[in-house]
Amino acid sequence: MPLKIATWNVNSLRVRLPHVLNWLEAEQPDILALQEIKMEDHRFPHEELHAVGYNSIVCGQKTYNGVAILSKQPRESLDAVNCLYQEDEQRRLLAVTYHDVRIVNVYIPNGAHPSDAKYLYKLHWLEQLHNFLQTQLLLYPKLVVLGDFNIAPTDNDVHDPAAWEGQVLVSEPERKAFQRFLSLGLHDSFRLFTPDDKVFSWWDYRAAGFRRNLGMRIDHILISAPLVASCAASYIDKIPRSWEKPSDHTPVITVLDEK
DNA sequence: ATGGTGGCAGAGCCA
């Protein structure tokens, strides 16, 4: 049976809950990974999501960051749940096991600017994530790593590469870190089906970025080699970005046809 | 246009 997996940086789940509920009812993914829910766990809208058929695992915090994984499966069946990087006060990573598929939801730091301390935090976080994924692959051959990576891997993922050269989201150290994930044996599922086209997952709120299609592809779904043969589709759903009061990101979806 | 918009929180930080 197909396994439909999606990721969406919602930029406040409190504000975006109506969008998320509408989208879940229409698209019926098996898994939806959320980033930037921007709320503490006790404020998470479990009841509203359960009313449309979804159970949730949450790793939240006040005001900033926060990740969650939604599934139609009972919470208890998503065993080996981890809220990782306990030493990091920023809640940016959550992993669950769905049948024999390990799913790692990440909200990688933005990095602000290459001269900012937050950029060094981002590079450090990427290094830690690389080490974590290396270990996860040994434990779980079927691995999905999805979320807001805050990295546009190539110039085909950037509306104006010349204007952005060297900036955060596209700088060489960030792209090298992304390539290191691929070197672990992970594959950018979107590019299995759309090798070259410029298709974006995020548009800046400012300067009418969406209307002018001044975007970037920074939200990704990476899959390990044992899942590549079963990958039936991967695409970006631009529609929610056109709704009233949207997130600046839009959902990315990958379908696995697991036998 | 050295800004612009949006969320949180209630001024400035983060994206």
Colleague: Using atom names, set out every protein N or O paired with an N or O of nucleotides 13-15 of chain B below 3.5 Å, distance rounded to 0.1 Å.
Modeller:
residue: B:dC13; atom: O2; partner: A:Y64; partner atom: OH; Å: 3.3
residue: B:dC14; atom: OP2; partner: A:K118; partner atom: NZ; Å: 3.3

Colleague: Inspect the surroundings of CZ in A:R43 and state if more than 12 heavy atoms from other residues, nucleotides or ligands are less than 6.0 Å away.
Modeller: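 Not more than 12 within 6.0 Å, no.
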Colleague: Do NZ/NE/NH1/NH2 and the carboxylate oxygens of A:D188 and A:R217 come within less than 4.0 Å?
Modeller: yes
Colleague: Not counting sequence neighbours, which residues clear side-chain contact (heavy atoms from CB on, under 4.5 Å) with A:D160? List them please.
Modeller: A:A162, A:A163
Colleague: Under the salt bridge (Lys or Arg N to Asp or Glu O under 4.0 Å) rule, what pairs show up with a residue in residues 3-19 of chain A, not counting sequence neighbours?
Modeller: A:K4-A:E27
Colleague: Given the C1' atoms of B:dA11 and B:dA1, what is the spacing between them in whole Å?
Modeller: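 Pairwise C1' distance, B:dA11 against B:dA1, rounds to 25 Å.
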Colleague: With sequence neighbours left out, write down each residue that passes side-chain contact (heavy atoms from CB on, under 4.5 Å) with A:R212, or none if nothing qualifies.
Modeller: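 If we apply the side-chain contact (heavy atoms from CB on, under 4.5 Å) test to A:R212, skipping adjacent residues, the hits are A:A207, A:A208, A:L214.
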Colleague: Which label fits A:F178 and A:F181: parallel for a plane angle under 30°, tilted from 30 to 60°, or perpendicular past 60°?
Modeller: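 If you compare the ring of A:F178 with that of A:F181, the planes turn out perpendicular.
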Colleague: Between B:dG3 and B:dG7, how many Å separate the two P atoms, rounded to a whole number?
Modeller: 22 Å
Colleague: Can you list, pair by pair, the side-chain donor-acceptor contacts under 3.5 Å of residues 50-58 of chain A, counting residues two or more places apart and other chains?
Modeller:
residue: A:Y54; atom: OH; partner: A:P29; partner atom: O; Å: 2.6
residue: A:N55; atom: ND2; partner: A:Q73; partner atom: O; Å: 2.8

Colleague: Taking B:dA9 as the reference, what is the distance to B:dA15 when you measure between their C1' atoms (whole Å, please)?
Modeller: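 One C1' to the other, the span is 16 Å.
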Colleague: Rounded to whole angstroms, how far apart are CZ on A:F210 and C1' on B:dG6?
Modeller: 16 Å
Colleague: Counting N and O atoms only, with roles assigned by atom type, does the side chain of A:S242 sit under 3.5 Å from a partner on the main chain of A:I239, one being a donor and the other an acceptor?
Modeller: yes
Colleague: May I have the distance from A:Q167 (atom CD) to B:dT2 (atom P), rounded to whole angstrom?
Modeller: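 That distance rounds to 18 Å.
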Colleague: Among residues 12-23 of chain A, which ones have heavy-atom contacts with DNA chain B below 4.0 Å?
Modeller: A:S12, A:R14, A:V15, A:R16
